[in-house]
Participant: 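First, the structure itself, so that you have it in front of you.
Note that the coordinates shown come from a computational prediction; the quantities given were computed from them, not determined experimentally. Naming: A, B, ... by sequence-line order, numbering from 1 per chain.
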There are 4 protein chains.
Amino acid sequence: MKIDRRVQRTRQLLRAALIELILEKGYQAITVQDITDRANLGRATFYLHYPNGKDELLLKMMEETMQDIIQQIGQPAAGELMTDGVPPSLVAFQHAQENAAFYRAVVGADGLAGVMHGYRQSTTAQIKQQIESWLPPGVQPTVPLDFIAHFIFGALNAVIVWWLENENAISAEEMAQRFQKLIRDGINGFTQPQTDARRLDRGREEQHRD
Amino acid sequence: MKIDRRVQRTRQLLRAALIELILEKGYQAITVQDITDRANLGRATFYLHYPNGKDELLLKMMEETMQDIIQQIGQPAAGELMTDGVPPSLVAFQHAQENAAFYRAVVGADGLAGVMHGYRQSTTAQIKQQIESWLPPGVQPTVPLDFIAHFIFGALNAVIVWWLENENAISAEEMAQRFQKLIRDGINGFTQPQTDARRLDRGREEQHRD
Amino acid sequence: MKIDRRVQRTRQLLRAALIELILEKGYQAITVQDITDRANLGRATFYLHYPNGKDELLLKMMEETMQDIIQQIGQPAAGELMTDGVPPSLVAFQHAQENAAFYRAVVGADGLAGVMHGYRQSTTAQIKQQIESWLPPGVQPTVPLDFIAHFIFGALNAVIVWWLENENAISAEEMAQRFQKLIRDGINGFTQPQTDARRLDRGREEQHRD
Amino acid sequence: MKIDRRVQRTRQLLRAALIELILEKGYQAITVQDITDRANLGRATFYLHYPNGKDELLLKMMEETMQDIIQQIGQPAAGELMTDGVPPSLVAFQHAQENAAFYRAVVGADGLAGVMHGYRQSTTAQIKQQIESWLPPGVQPTVPLDFIAHFIFGALNAVIVWWLENENAISAEEMAQRFQKLIRDGINGFTQPQTDARRLDRGREEQHRD
DNA sequence: TCCTAAGCGAGACGGTACGTCTTGTCTTCCA
DNA sequence: TGGAAGACAAGACGTACCGTCTCGCTTAGGA
C-alpha cells in the first residue's frame, strides 16, 4: 500500500510546531494542545502519530539530530589520533551554537529527563567508538572505556550548557581547543608552567600543523 | 517568637515521605497528594510550607545535602594540593554510594530539570572555590575557572550516574582515584605509558611542601 | 453540525441527579462532586456544560420548569378575566404540590439566593403580562404594573412556602380560590360581611362578556 | 460574676465589621476571615463567640433589628383599625429605606436562605398579631390567619425588594399607601373606575384624614 | 472516474492533579 | 483568663491536561 503523503505532511507540521514552541516557552511548558494548535491539527491526530505524547515526538527528533552529528563527525581512520583532523568536540560545539535555543531547551537545565537518557546512550556509544579508534592496536586502557566515555560526555555537555547560558564571546573553536586540551592533558596543563608533559603534546601538535 | 516545634516535625515528615516515594516510584511520578498521604498530613499543609510544590521541597533537601557534602570536604589549607588528603571527589563518590537510590532518581536520567539547575549552580561554585584554593598564589589560569568548574562537575556527575546505573563492583576509592587522575592528567595518562608527567607531579608536591 | 446526542444524555443525567440530591439533602449541601458521582460522570464534564457550577444547572432547570407552568396557564383570550377558566394561581399551587420537595428546597427557606433572582424575574414578567391581558383596553392602572406583579409574586410564593411547610390538608383548589379572592378583593373581603364589592365583580364580568 | 466588658467590645467590633462588609460585597461573599480582619481580631476569637459561623452572627443581629421594628410599630389598641394611625407597612418601608443597603444584601435576591427563615417566622407572627387586633371581637376570619399573614409578608417583602432594586423615586409614604390599599381592597381597587367599593374606602380614609 | 478506506477536525468524556480557599479545631504564648 | 497568632485536617472549588472515543467530512489512490 502506498503511503499517504498527508502523513508526512502532518508529521512535519508537528515537528516544526514543536521546535517553534520550544524556542518560545521551553519544552516543559508545552502541551499537546499547544503543538496541534500551532500545526493546525486536531489533538487526536497528534496521538495518532505519537501515542506516547510529546516526549515521543521529541525523542524521534533528537534521534535524527544525533544521526546528523554523527555523520558530520564521520568515521576516523584506524590509528588516526584524536588530535588529527577536525576535533570531534568542535563539531559538537558548532552544532550546539547553530541550534543554541534548541540545545538550551532540551539538553540544558530545563531539559527532559527521559530524553537525556537516550541522548546519553547514543552519545557515549559514539564517543567510545572514537576512543577505540584512537587506541594504538594492542594497547589496553587501564580504565573501562565506558568510564572515559561518560567522563567525556558529561564534561562536554556541562561545558556546552555553561557556554550557551552565558552568551559570552568564546568562539566554538576556542571552546573545542580548550576542551580537547583539558581532556588530553588534564588540569595540570592549565595551571603549570611548560614542562616535559607539554613538550610531548607540542610534538604532536607540530606534527599536524604541517 | 519561639519557633513552633510542630513546624519542624511537619517538614521532617514531608522530607521523609519524599525520600521514601522517590525510591519507590521515581520523582517524576510523585504527586503532592502522595507525599502528604505518606506523611499523614493535609495537602493544604504541604503548600503552607512549600508553596511552589514538590520541586521546592526537593530543592530545599538538595541544598541541605550539598551543605553536607561541602562540610565533609572541608576547607583545604591554603597551598594544599588536590592530591593531598582525602580527594574531594572521593567524598562525592562515597556520598553517592550511600544515597544511591536517591541519586539515581534525582541526578540521573530521570532527574528533575529544574532541580538540576540549582544543583549545578551550587556545585560548580563549590568546585571553583576548591580550584582557587589549589592555585599557587599569583598563578593565573589560562582558561576561565567557570569553564573548568563546569567541566569537572559534568564529568563527575556523568561518571557517578554511569557508576550507579551499572551496579558493577568498582569501589568508590577506585572511582575517585581514576577520576582524579583523569582530571589531573587527562586521557594521555591512561593511554600513554608512564612518563615524566607523573614524576612531575611528585616533583611539584615536594616543591609546595617546602 | 448534527447535535451530539451524548450531550443531551449527559445533561439529562445531571438534571436527574440534582433532583434526587435536592430531595435527599437540600440544595445547599450538594457539591458538584455529589452530582457527577450520582450521574456517573466526570466532574470536569459537569463544568463543560455548566461552567458556573451547580447554580447554573439549577437555574436552567428552573427556567424550563417555569416555561412548563406558563404553557399550562396558556394565553388568556383578550378581555378574558382573571376569574374565568382555570385561575393561573391554581396551576401554580398544583405544580407546587406535585413537586413539593423540589419547591421546598429551592423556593423555600433554604432556597438559593441567586436562583431566586432569576425565578423572580421571569415570574413577575409573566404575571405582568397576565395582568395586562386582563386590563380592559384603554384602562390605565393607577399603580405601576411592576408593583402589582411583585406584590402578587411575593404573596403567592410566601403562601406556597407556608402551605408546603405545614403539610395541612388544604387542597390546591381551596388555596387558589382564597388566594385569588385575596388578590382581587383584599382583606376586606374576608373580614367584612358580603358587600356591594362582590356584586360588583359579577356585574363587571357580565359587562365584559358583551 | 461581672461581665467582662471586653466581650461586649469584641462582639460590637464583629457586628460593625459585618455590616460594613455586607454593604461592600454582599453577605454571601464574606468570610469569617474578612470579618475578623476588619475587626482586628483573631479568627479563633470569632468562633469563641459565634461557634456556628457568620450565619449565627447575622441571625443575632437580625433578631435585634426585628425587635426594633416591632417596637416602632408598637401595640395597636384593641379595636383600632388597620387604617388608623401610622400604617405598619409605612414603618417597614421607612426602615427599609433607611437601611437600604443592608436590606438589599440580606432580604433581597442575594439574601441568606437560613436567615430568611427566622426573619419570616418572627415577621409573620407579628403580622398575625396585628391582624388579630384589627378583628372586631367575635368576628371569625373565613381563612386561616397564617394564610393571610404569609400573604402579607410575602407581598410586602417582594415589594420592598423591588422598590430597593429600582432606585426609583417612589416615596416610602406612597409605597405604604399603595400597599395598604392593595392589601385592603385587592386589585379591583386599582383597575376599576370608582364604584361603591371605592366609596366605602373613601369614607374610611376621610375619617382619618381629619 | 468512481469509491472506499484513510486521514483528519471537532469535541465529548472520564480521569487525575493542580493550587487555592474556607472552615472549624487546637495549641502556644502574651498581657 | 481572654485574646492573638497561626498550624493543621478536611474537603470543595474551578482549571488544566491527559489519553480515549465517536462522529462525520474530506481526499487520495486503487478499482
Side-chain angles (χ1 to χ4, degrees), chain A residues 1-11 13 29-34 36-37 39-54, chain B residues 1-11 13 29-34 36-37 39-54, chain C residues 1-11 13 29-37 39-54, chain D residues 1 4-7 9-10 13 29-34 36 39-54:
Chain A
M1 187 205 311
K2 197 175 173 188
I3 295 169
D4 198 322
R5 280 197 303 277
R6 282 178 296 173
V7 173
Q8 300 311 315
R9 194 188 98 95
T10 295
R11 296 198 180 162
L13 287 173
I30 297 173
T31 70
V32 172
Q33 183 79 69
D34 288 336
T36 53
D37 281 358
N40 279 323
L41 291 170
R43 197 159 62 90
T45 304
F46 183 96
Y47 289 101
L48 214 57
H49 296 275
Y50 304 99
N52 297 330
K54 63 174 183 167
Chain B
M1 186 199 321
K2 195 180 170 186
I3 295 170
D4 197 324
R5 280 195 304 278
R6 281 177 300 170
V7 172
Q8 301 311 315
R9 195 189 97 96
T10 295
R11 297 199 176 158
L13 287 173
I30 297 173
T31 71
V32 172
Q33 183 78 69
D34 287 338
T36 53
D37 280 359
N40 278 324
L41 290 170
R43 195 158 64 89
T45 303
F46 182 95
Y47 289 101
L48 206 60
H49 296 276
Y50 305 100
N52 297 330
K54 62 175 183 167
Chain C
M1 187 198 322
K2 195 180 168 187
I3 296 171
D4 198 325
R5 281 196 303 278
R6 281 177 301 169
V7 172
Q8 302 310 316
R9 196 189 96 95
T10 295
R11 296 199 178 158
L13 288 173
I30 297 173
T31 70
V32 171
Q33 182 79 70
D34 288 337
I35 300 172
T36 52
D37 280 358
N40 278 324
L41 291 171
R43 194 159 64 90
T45 303
F46 183 96
Y47 289 101
L48 205 60
H49 296 276
Y50 305 100
N52 298 329
K54 62 176 184 167
Chain D
M1 188 206 313
D4 197 325
R5 280 196 303 277
R6 277 180 300 171
V7 173
R9 194 188 98 94
T10 295
L13 287 173
I30 297 172
T31 70
V32 172
Q33 183 78 71
D34 288 336
T36 52
N40 279 323
L41 291 170
R43 197 160 61 88
T45 305
F46 183 96
Y47 289 100
L48 213 58
H49 296 276
Y50 305 99
N52 297 331
K54 64 174 183 167

Participant: Go through the structure and list residues passing side chain to side chain contact (heavy atoms under 4.5 Å, CB included) with C/Thr45, not counting sequence neighbours.
Facilitator: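 Result, side chain to side chain contact (heavy atoms under 4.5 Å, CB included) vs C/Thr45: C/Thr10, C/His49.
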Participant: Given F/dG3, is OP1 or OP2 found less than 4.0 Å from the side-chain N or O atoms of D/His49?
Facilitator: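 Answer is yes, contact under 4.0 Å.
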Participant: Quantify the bending of the helix from E/dT1-F/dA31 to E/dA31-F/dT1 as the angle between its end axes, each fitted on five pairs, to 10°.
Facilitator: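 Angle reported: 10°, given to the nearest ten degrees.
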Participant: How does each nucleotide of nucleotides 12-19 of chain F score, in 5' to 3' order, for protein heavy atoms under 4.0 Å: base (B), sugar-phosphate only (S), or none (-)?
Facilitator: BBBBBSBB
Participant: Please state whether the phosphate of F/dA4, meaning OP1 or OP2, lies under 4.0 angstrom from any side-chain nitrogen or oxygen of D/Thr45.
Facilitator: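 Yes, because at least one side-chain N or O of D/Thr45 sits under 4.0 Å from OP1 or OP2 of F/dA4.
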Participant: With a 4.5 Å heavy-atom cut-off, do B/Tyr50 and B/Arg11 have their side chains touching?
Facilitator: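 Touching, per the 4.5 Å side-chain cut-off.
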Participant: Holding to side chain to side chain donor-acceptor pair (under 3.5 Å), I want the full list of residues that pass it with A/Arg9, two or more places apart in sequence or in another chain.
Facilitator: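 None.
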Participant: Tell me, please, which residues at least two apart from B/Ala39 pass side chain to side chain contact (heavy atoms under 4.5 Å, CB included).
Facilitator: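 So B/Ala39 forms a side chain to side chain contact (heavy atoms under 4.5 Å, CB included) with B/Leu13, B/Leu14, B/Ala17, B/Leu41.
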Participant: Quick check against the 3.5 Å criterion: does B/Lys54 have a side-chain atom that pairs as donor or acceptor with the backbone of B/Ile30?
Facilitator: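 At least one qualifying donor-acceptor pair exists.
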Participant: With sugar-phosphate meaning primed atoms plus P, OP1 and OP2, does B/Thr10 contact a base, only sugar-phosphate, or nothing at under 4.0 Å between heavy atoms?
Facilitator: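 Sugar-phosphate contact only - B/Thr10 comes under 4.0 Å of backbone atoms but never of a base.
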Participant: By nearest atom, which of the nucleotides E/dA12, E/dG7, E/dG9 is closest to the A/Leu41 side chain?
Facilitator: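 Between E/dA12, E/dG7, E/dG9, the one nearest the side chain of A/Leu41 would be E/dG9.
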Participant: Under the ring-ring contact (aromatic ring centres under 6.0 Å, His included) rule, collect the residues that match up with D/Tyr47, sequence neighbours excluded.
Facilitator: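 Checked D/Tyr47 against ring-ring contact (aromatic ring centres under 6.0 Å, His included); zero matches.
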